Amino acid sequence: MIEVAEMLKVFQEHRGDAIVVPGQAGRHWTTISTRPELDVPLIPYPAMGGGASFAFGLALAQPERKVVLFDSEGALVMYLGILATIAEQQPGNLYHFLLDNECYATTGGQPVPNAKATRYDALARDVGYASTFAFDRLEGFATSIGRILSAPAPAFVALKVRPEIQNVPVAERKGWATRTREQVRDDLQKALGISGGR
Amino acid sequence: MSQSGSTGLSANTILAQITKNGVTHVVWLPDSETNWLYVLMKAEPSLRLVPVSNEALAFSAAAGLSFGGRVPLILIQNTGMMDSGNSLRGWAIDLSIPVVLMVGYRGWTRHGVTRDSAAVYTERFLNAFGINYYLVESDADAGRISLAIDEARRTARPVATLIADEYHGFNR
């Protein structure tokens, strides 16, 4: 199992000017990222299961720039059909990382359906992603990250990660958002040179 | 599409409304009134069609497109819209996405009793979410599509157009 924070530190060294949609990994990423203007942490989270299609839309909108998504398996299985849409549309700039901790960590750690057996990289490969990878140890990931980010996209990277289970009432949890969602959008659009978008 | 073009809603008319307002991407899941529109949209070089497998995904994909500076339009049926309430709330309303929902109004009728519950609950659903909407029954209503797009931009909110021409519609 991979520690999410350690994995993100490795990724940060190779991030370049990619747009990053951190999902639940945002709690670590906000303290690791050196390009917050290109990060899209959306807190409170809009609706579970939409992260992949959001990042996919962003990738279509900005085809000249890499878009990196840190998705989670509980969210992906809600709307697995997004894999087919991504495979069909073939956004050549979308790097879809899946943080698979085999459970619903934010609700106390209950298992995701078929948690131990589903091979998400195989699903992505068979549906038509251009590249797929799978890692369960940080060492393998660290030696491959350069190759991953130069591989044909859409690329899918399945990572078995250690669960970080939250088991206290939501109101008692420590928040990690440093910007409002409106600030996140405005910072991103300014960094991308988008004017009059709204 | 009406054969006479005088009483029905033409796919060409809808496409003209979409393109003249700068829509760049149509995120959609086909329904029974979009065959002709599909053929025309596929042939329109200024549009990219983005198919989704579940209407809920349309709202998050549109949000991503909007964050990235594009102008999405969502083309779905009322059934799928009602199936997607949480995505509509979280990805479109809460993120202030200026997007028009072009909604196939399954079951709508101006005459007699509305028997299809898909139609019975459509406007109630939109009212529950505070989404303004415009009924589009014929070419004479087509200007309402531009009104909706303009309103979505001005208010940074989703606005719906209800395409109420299903049973004698685009499949002809």
Side-chain angles (χ1 to χ4, degrees), chain A residues 19 21 23 38-40 42-65 67 69 71 75-76 78-91 93-94 127 180-182 184-198, chain B residues 22-30 42 47-74 76 80 83-100 129 149-159:
Chain A
I19 298 168
V21 181
L38 292 174
D39 296 336
V40 194
L42 297 173
I43 299 298
Y45 199 70
M48 185 174 173
S53 50
F54 175 81
F56 160 68
L58 201 46
L60 290 185
Q62 294 288 320
E64 304 303 320
R65 190 179 290 260
V67 174
L69 165 69
D71 203 355
L76 182 61
M78 290 186 95
Y79 298 111
L80 268 179
I82 190 59
L83 295 178
T85 290
I86 291 171
E88 185 207 67
Q89 295 285 304
Q90 288 286 306
N93 57 333
L94 179 61
V127 81
T180 67
R181 298 185 295 195
E182 290 74 19
V184 167
R185 178 199 65 211
D186 293 347
D187 290 348
L188 176 70
Q189 294 189 337
K190 183 179 178 183
L192 297 176
I194 297 169
S195 61
R198 61 194 63 239
Chain B
V23 171
T24 60
H25 294 73
V26 175
V27 188
W28 81 311
L29 201 155
K42 283 287 283 184
L47 282 181
R48 179 163 180 171
L49 296 186
V50 181
V52 289
S53 58
N54 182 303
E55 289 85 351
L57 294 167
F59 295 97
S60 39
L65 286 160
S66 180
F67 267 51
R70 305 299 176 175
V71 182
L73 180 142
I74 293 172
I76 55 178
D83 205 22
S84 308
N86 194 44
S87 290
L88 165 63
R89 173 201 61 77
W91 291 102
I93 297 173
D94 283 5
L95 292 184
S96 302
I97 303 301
V99 65
V100 162
F129 282 85
I149 293 173
D150 179 63
E151 183 175 322
R153 283 190 175 127
R154 269 190 297 106
T155 61
R157 284 181 59 83
V159 176

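A, B, ... follow the sequence lines: proteins, then strands. Residue 1 opens every chain. Owing to the predicted nature of the structure, the values given are computational and were not obtained by experimental measurement.
Contact annotation for B:N54: only side-chain heavy atoms (C-beta onward) come within less than 4.5 Å of a heavy atom of chain A. Looking at B:R89, only its side chain comes within 4.5 Å of chain A, counting heavy atoms on both sides. Contacts of A:P63 with chain B are made by side-chain atoms alone, with heavy-atom separations under 4.5 Å and no backbone atom involved. Within the 4.5 angstrom heavy-atom criterion, no atom of B:I93 approaches chain A.
Of all non-hydrogen atoms in A:Q89 and B:P51, the two that sit nearest each other are NE2-CD, 3.3 Å. The two residues B:S87 and A:A47 have their closest heavy-atom pair at CA-CB, 4.2 Å. The heavy-atom pair separating A:Q189 from B:F67 by the smallest distance is NE2-O, 3.1 Å.
Side-chain contact between B:V50 and A:F56 is present, with heavy atoms from C-beta onward closer than 4.5 Å. With a 4.5 Å cut-off on side-chain heavy atoms, A:L60 and B:R70 do not count as touching. Within the 4.5 Å cutoff, the side chain of A:L42 has heavy atoms near those of the B:W91 side chain.
To the nearest 0.5 Å, atom CZ of residue A:R185 and atom OG of residue B:S66 are 8.0 Å apart. Atom CG of residue B:L57 and atom CZ of residue A:F54 lie 14.0 Å apart, to the nearest 0.5 angstrom.
With chain B as partner, the option from A:I82, A:V67, A:V40 having the largest number of non-hydrogen pairs under 4.5 angstrom is A:I82. Comparing B:A92, B:P72, B:A61 by heavy-atom pairs within less than 4.5 Å of chain A, the highest count is held by B:A61. Counting heavy-atom pairs under 4.5 Å between each of A:A59, A:S53, A:G81 and chain B puts A:S53 at the top.
Tested against A:P46, the residues B:D94, B:L95, B:I97, B:N86 include a single side chain to side chain contact (heavy atoms under 4.5 Å, CB included) partner, B:L95.
No donor-acceptor pair closer than 3.5 Å links the side chain of B:S60 to the backbone N or O of A:G51.
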